[in-house]
*Asks:* 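Below you'll find the structure I mean.
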Amino acid sequence: MNSNSHQDETGALSKEAIRAELVARAVALQPLLREQAARGELDRVLPVEVVDALAEAGVFRLLTPRRYGGYETDLRTLTEVSEALGEGDGSAAWVGMIISVTNWLACLFPDKAQEEVFGTDPDARVTGVAAPTGMGERVPGGWRVSGKWSYNSGAPHATWAAVGALLKDDSGAVVDQALVLIPASELTVEDTWHTAGMKATASNTLIGRDVFVPEHRVLSVPAAAEGTYPRASREEALYGSTFGPMLLLCLVGPLLGLGRAAMQAAVEAAAQKPLSFTVHSRQADSVGVQIQLAEAALKLETARLHTYRAVDEVDQAASSGGPLDYAARAHVRARAGFAAQQVLEAIGTLLNVHGASSFAYTSPLQRIWRDAGVAARHAGLVPAVGLEVYGKSLLGISDRVSLMV
């Protein structure tokens, strides 16, 4: 941290000072991220220089415990950092966010698992896939797990993976849905991520065959969804954060950054770009353009207001020592998807303003459009699911649509 950062009365850096420093570091990375974005797309993986810069800026340690050399911040800090990175490059922001939040997830496991992940490697990078596309069979001391897990963002940079599995008892009956921690070295990666956007996230498929997972590296998802974690109790408020909202809201930060980048590009161009087939030598002189820019700006503001209000609710609940109740979680799920759609609508309007040249390979707007279009379709942000979950909650209907609430 910078030595001139303000400090609290105890002489330690305050949470706000730490957040400001980490966000400033993310902003400082924007020129590098913009410069390397096209290369990352072409190679379908983040350049080594970008990964190293994210690590140096502390992005991967945002939610790692202080006892292991991390910053142990909060969801607000992660979201602000992700937003700042997203202004530079959506893929870099996404990978940084995924590794950070999955490092948090690893800290919900028993202490023995945490020690295995972070004890000898404070720079451990956990990635993961929550969908239970693996199967675990009971063996002495744990489970034998096999599966294929798609869309594992940041796979090339991971040291561990947290992947979903259905656990069977000796009779073959499914007894639980779990996340299991597996060293990356025990998994293979299949190159399956050939997409229109977010290309450099390298969100490839992990494959595991008969991997032994000891009991302490298993986390019950239904239990976690209700706020029961097998970690030891200690004074670390961050790891009392509510499971579903933490893993959903983090997805919006990169999208907010992409929206900001689109707005900046459109506004800067409007000052000099003519509005073809009209009397306006500058788009900025057109009332139609002015109205569209205002509408896009308000949609982006709406997305930020919903996101950060929900983020603060998650952090405040963690600080007070109690998880959010189901009604609050349902509200969060709906707001996350709604915010993502607001960003998509704003970007669509901004492309209308900028015109056909938005889609030139030399224009950052076409990559922003593609990246946002892919990111906003993450299963955790599907708006119809969030609205159904929230609508049922408002009506007092007890049917559970998803564990990820």
Side-chain angles (χ1 to χ4, degrees), residues 63-65 67-70 98-99 101-152 154-155 157-190 204-234 236 238-241 243-244 246-247 323 403-404:
L63 304 184
T64 300
R67 56 194 160 89
Y68 289 123
I98 287 292
I99 291 176
V101 80
T102 319
N103 280 359
W104 169 83
L105 181 64
C107 295
L108 308 186
F109 286 74
D111 285 9
K112 185 175 181 180
Q114 296 178 45
E115 184 65 25
E116 288 175 350
V117 174
F118 299 106
T120 60
D121 183 13
D123 286 313
R125 299 169 189 172
V126 188
T127 60
V129 177
T133 52
M135 194 67 70
E137 298 179 349
R138 172 66 78 178
V139 294
W143 304 84
R144 184 174 63 247
V145 177
S146 297
K148 293 182 70 171
W149 297 275
S150 298
Y151 315 129
N152 190 77
H157 322 299
T159 55
W160 287 77
V163 292
L166 299 177
L167 303 183
K168 293 181 176 181
D169 63 16
D170 294 336
S171 68
V174 174
V175 293
D176 202 359
Q177 178 180 332
L179 283 163
V180 297
L181 271 174
I182 300 174
S185 60
E186 296 180 20
L187 300 168
T188 57
V189 179
E190 183 179 350
N204 290 306
T205 299
L206 297 179
I207 300 174
R209 293 188 176 91
D210 296 328
V211 178
F212 175 68
V213 178
E215 199 69 59
H216 64 272
R217 285 202 251 122
V218 175
L219 176 75
S220 170
V221 173
E226 297 305 320
T228 300
Y229 308 144
R231 68 187 310 276
S233 178
R234 52 166 55 89
E236 293 175 333
L238 172 62
Y239 308 108
S241 299
F243 187 74
M246 191 77 176
L247 296 177
L403 284 175
M404 200 58 69

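None of the values given here were measured: they were computed from a predicted structure.
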*Asks:* Tell me if a side-chain donor or acceptor on Trp104 pairs with a main-chain N or O of Leu238 at a distance below 3.5 Å.
*Replies:*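 Flag set: sc Trp104 to bb Leu238 pair under 3.5 Å.
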*Asks:* Taking the side chain as everything from C-beta on, heavy atoms only, tell me whether Asn103 gets closer than 4.5 Å to Trp160.
*Replies:*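 In short, these two side chains do not touch, never coming nearer than 4.5 Å.
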*Asks:* For Glu190, which residues count as a salt bridge (charged side-chain N to carboxylate O under 4.0 Å, His left out) partner, sequence neighbours excluded?
*Replies:*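 Per chain and number, Glu190 pairs via salt bridge (charged side-chain N to carboxylate O under 4.0 Å, His left out) with Lys148.
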*Asks:* What pairs meet the side-chain hydrogen bond (donor to acceptor under 3.5 Å, both in side chains) rule with one or both residues in residues 217-230, with sequence neighbours excluded?
*Replies:*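 The answer is Glu116-Arg217, Asp176-Ser220, Glu226-Arg329, Glu226-Arg400.
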*Asks:* Give me the atom names and distance for the closest heavy-atom approach of Thr102 to Gly128.
*Replies:*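 Smallest interatomic distance, heavy atoms only, reads CG2-N, 4.0 Å.
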*Asks:* Ignoring hydrogens, what is the shortest heavy-atom contact between Val101 and Met246? Give both atom names and the distance.
*Replies:*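 So the minimum-distance heavy-atom pair works out to CG2-O, 4.0 Å.
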*Asks:* Could you tell me if the side chain of Val213 sits less than 4.5 Å from the side chain of Leu181, heavy atoms only?
*Replies:*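 The answer is no; the side chains never approach within 4.5 Å.
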*Asks:* Tell me, do Leu187 and Asn152 make a side-chain contact under 4.5 Å, heavy atoms counted?
*Replies:*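 Answer no - side chains too far apart.
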*Asks:* Calculate, to the nearest 0.5 Å, the distance between atoms CD1 and OG belonging to Ile207 and Ser146 respectively.
*Replies:*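 Interatomic distance, Ile207 CD1 to Ser146 OG, rounded to 0.5 Å: 11.0 Å.
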*Asks:* Output all residues satisfying salt bridge (charged side-chain N to carboxylate O under 4.0 Å, His left out) with Glu236, sequence neighbours left out; order by chain, then residue number.
*Replies:*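 Once residues adjacent in sequence are excluded, the partners of Glu236 under the salt bridge (charged side-chain N to carboxylate O under 4.0 Å, His left out) criterion are Arg67, Arg231.
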*Asks:* Check whether more than 12 heavy atoms from other residues, nucleotides or ligands sit under 6.0 Å from atom OH of Tyr151, and answer yes or no.
*Replies:*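 Counting other residues, nucleotides and ligands, OH of Tyr151 stays at 12 neighbours or fewer.
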*Asks:* Could you grab the distance from atom CZ of Arg125 to atom CD1 of Ile98, nearest 0.5 Å is fine?
*Replies:*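 Answer rounded to 0.5 Å: 15.0 Å.
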*Asks:* With side chains defined as the heavy atoms from C-beta onward, is the minimum distance between Glu215 and Arg138 less than 4.5 Å?
*Replies:*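 Yes. Closest side-chain heavy atoms under 4.5 Å.
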